[in-house]
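Below, chains carry the letters A, B, ... as their sequence lines are ordered, and counting in each starts from 1.
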Amino acid sequence: MSRSNKNSHADGSLLATLGRLFLRDCKHHLRKQSDILNPICFFVIICSLFPLGLSADRELLNTIGGGIIWVSVLLSLMMGLNQLFRDDYEAGVLEQFLFTHTSLTQVVLAKIAAYWCLSALPMIILSPIVGTAYHLTGDQIWVLVIGLALGSPTLALLGSIGSALTLNLKNGGVLLAILILPLFAPVLIFGAGMVNAIHIGLPVNAQLSVLGALMFGSLSLAPFATSFALKNSLDY
Amino acid sequence: MNVLLKFYHRLGSPREFYEISGSLIPWFGTISLILILTGSYLGLVVAPADYQQGESYRIIYVHVPSAWLSMLIYTVLAVSAMIGLIWRMKMAYVVMICSAAPGAWFTLVALITGSLWGKPMWGTWWQWDARLTSELLLLFLYIGIIALYNSFYERHLAEKSAAILAVVGVINLPIIHYSVEWWNTLHQGSTVIRSDGPSMDVRMLWPLLIMAVGFNFYYGLILMLRARNQVLIQEARNSWVAELVVNKGQAS
Amino acid sequence: MSFNEFLAMGGYAQYVWSSWLLTLLVLLWNVIAPRYKHKKLLQQVEIQTKREQLKNSTNKI
């Protein structure tokens with residue numbers, strides 16, 4: 001805290017710095033629209049391929065729908081994560097952050113927040129539509145949306161560590177998936193588990209609490225790990 | 001304490017490590033060989049057949065020590081990664097990266113032997129059993145560390161990146177384990193046969209413990225073998241390595 | 001218990017023996033492979049030192 005106060009006294013509070021960084025990233029993403037649109041299209045396309053490969057059986061789709069939508073979200077978020085720091089890295093902006101007094105952890109937090117708003121949030125908004133296509137009931141859709149809202153920040157935070165680790169590698173994309181997907185397993189288990197549990201009439205409080213705990217846990221640890229990994233990748 | 005500390009510092013120097021491990025390797029080799037042979041004899045011949053599983057339970061003597069070792073190795077890997085990150089110790093990174101491949105091997109052995117045990121017992125090659133599934137995810141973590149390490153040209157970047165991933169992994173591992181266990185109880189109920197009961201026959205337990213200790217010594221052995229190679233690669237430009245070869249040439 | 005009975009493992013021979021064989025192979029491989037590599041590495045160092053010695057001696061002349 002003291003560090004951020006010290007260096008942000010000239011231009012306002014910690015939140016103001018974060019806000020400025022956040023807006024900067026959002027603008028950047030919005031300028032490169034394919035970065036945002038491609039993962040979302042990917043998400044919708046995978047979700048619509050599964051019924052073609054399996055069958056259009058109502059019962060079956062209802063059982064597997066939660067899991068499929070969750071896995072599709074994992075994979076689609078993964079696609080964008082590869083680009084999370086890359087543009088700034090190639091433009092040399094990340095190195096400049098190191099030399100100015102902005103703490104890298106703040107930059108990381110702002111980037112993850114912007115990424116979440118522009119990648120995960122649209123998928124969460126689309127998920128009820130996809131869920132309806134899988135014949136999910138109203139309760140299931142609610143649980144799916146809440147689960148995604150609680151779980152996707154964890155995914156973005158954990159993913160940012162992998163993204164920072166593979167920053168200066170040419171074929172980072174596939175490697176990133178290998179590094180990060182196993183770590184996503186708990187979020188997937190609790191998130192998709194909820195959608196099925198509510199259908200059999202089981203309470204989902206436990207899963208909700210765990211997803212929340214995972215989110216706050218990763219929020220308090222992952223940004224530091226990510227900025228540490230970034231410094232390593234920049235060989236600083 | 002002072003002696004231990006001194007020993008620790010000596011192991012921290014690649015050259016000292018090379019010399020000390022050279023004299024330790026025969027001991028570790030002999031001890032692990034004796035223990036594994038004794039354990040195999042006791043486990044395959046002396047131990048009685050299980051009253052429920054018959055002779056098939058004898059897979060336990062290779063399956064369980066491999067599974068235990070796969071988890072122990074990940075602990076060693078993560079602890080040495082932390083030592084490397086905090087104290088920037090050269091040898092800690094060597095231990096870390098030389099543990100990754102043996103860890104992956106033993107995880108694989110535990111998975112395959114588990115599946116070979118599952119076929120006659122559960123009637124299927126693969127059951128989404130909590131322990132097998134966590135073991136599978138552990139294998140993915142090992143593969144991730146090895147793949148990340150191998151994709152860098154500069155060794156100091158590779159070491160640090162792999163170490164960060166190892167530490168992140170070890171924080172996640174208990175979460176992964178408990179979530180898989182929770183998921184398993186939800187999906188499988190009590191279909192998993194648990195015949196090993198609360199207490200094992202002593203004649204069955206001893207071979208298992210002997211095998212487990214033997215496997216630990218074996219891990220020490222291959223860790224040293226690999227670490228020596230790594231030290232040679234890293235120190236190839238140093239004069240002591242050249243001296244070593246020259247002295248060896250003169251001796252033979 | 002006869003030797004054949006021992007080999008038959010109460011009808012589970014294929015599972016028990018393939019598990020043990022696999023473990024044995026992995027144990028052997030993990031000792032042999034690093035030892036072989038060690039030999040190769042020492043040879044490399046030897047070649048390297050000889051080359052450097054040769055270079056030094058020619059430089060002196």
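Here the OG atom belonging to A:Ser119 is positioned 12.5 Å from the CD1 atom belonging to A:Ile112, to the nearest 0.5 angstrom.
Shown here is A:Trp142, whose CH2 atom has no more than 12 heavy atoms of other residues, nucleotides or ligands within 6.0 Å. Heavy-atom contacts from other residues, nucleotides or ligands closer than 6.0 Å to CZ of B:Arg155 number more than 12.
With a 4.5 angstrom heavy-atom cutoff, B:Leu85 touches chain A only via side-chain atoms. Residue contact with chain B, scored on non-hydrogen atoms closer than 4.5 Å, is absent for A:Leu176. Neither the backbone nor the side chain of B:Val167 comes within contact range of chain A; no heavy atoms are under 4.5 Å apart. Within the 4.5 angstrom heavy-atom criterion, only side-chain atoms of A:Ile161, from C-beta onward, approach chain B. Contact annotation for A:Ile189: both backbone and side-chain heavy atoms come within less than 4.5 Å of a heavy atom of chain B. Heavy-atom distances place the side chain of A:Leu214, and not its backbone, under 4.5 Å from chain B. Using a 4.5 Å cut-off between heavy atoms, A:Leu165 touches chain B through backbone and side chain atoms alike.
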**Q.** Worked check of side chain to side chain contact (heavy atoms under 4.5 Å, CB included) between A:Asn168 and B:Phe152
**A.** CA-CA 9 Å; A:Asn168 47 13; B:Phe152 285 91; 3.5 Å; yes
Q.
Is there a side chain to side chain contact (heavy atoms under 4.5 Å, CB included) between A:Ser160 and A:Lys111? Walk through the geometry before answering.
A. CA-CA 9 Å; A:Ser160 73; A:Lys111 273 199 174 302; over 6 Å; no
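Using cut-offs of 30° and 60° for the angle between ring planes, the B:Tyr61 and B:Tyr57 rings count as perpendicular.
If you check the side chains of A:Thr137 and A:Gln140, you find a donor sitting under 3.5 Å from an acceptor.
The candidate from B:Ser151, B:Ala162, B:Gly169 with the greatest count of non-hydrogen atom pairs under 4.5 Å with chain A is B:Ser151. Contact count against chain A (heavy-atom pairs under 4.5 Å) is highest for B:Leu148 among B:Leu137, B:Leu148, B:Leu138. When each of A:Leu169, A:Ile180, A:Thr166 is scored by its heavy-atom pairs under 4.5 Å with chain B, the top score falls to A:Leu169.
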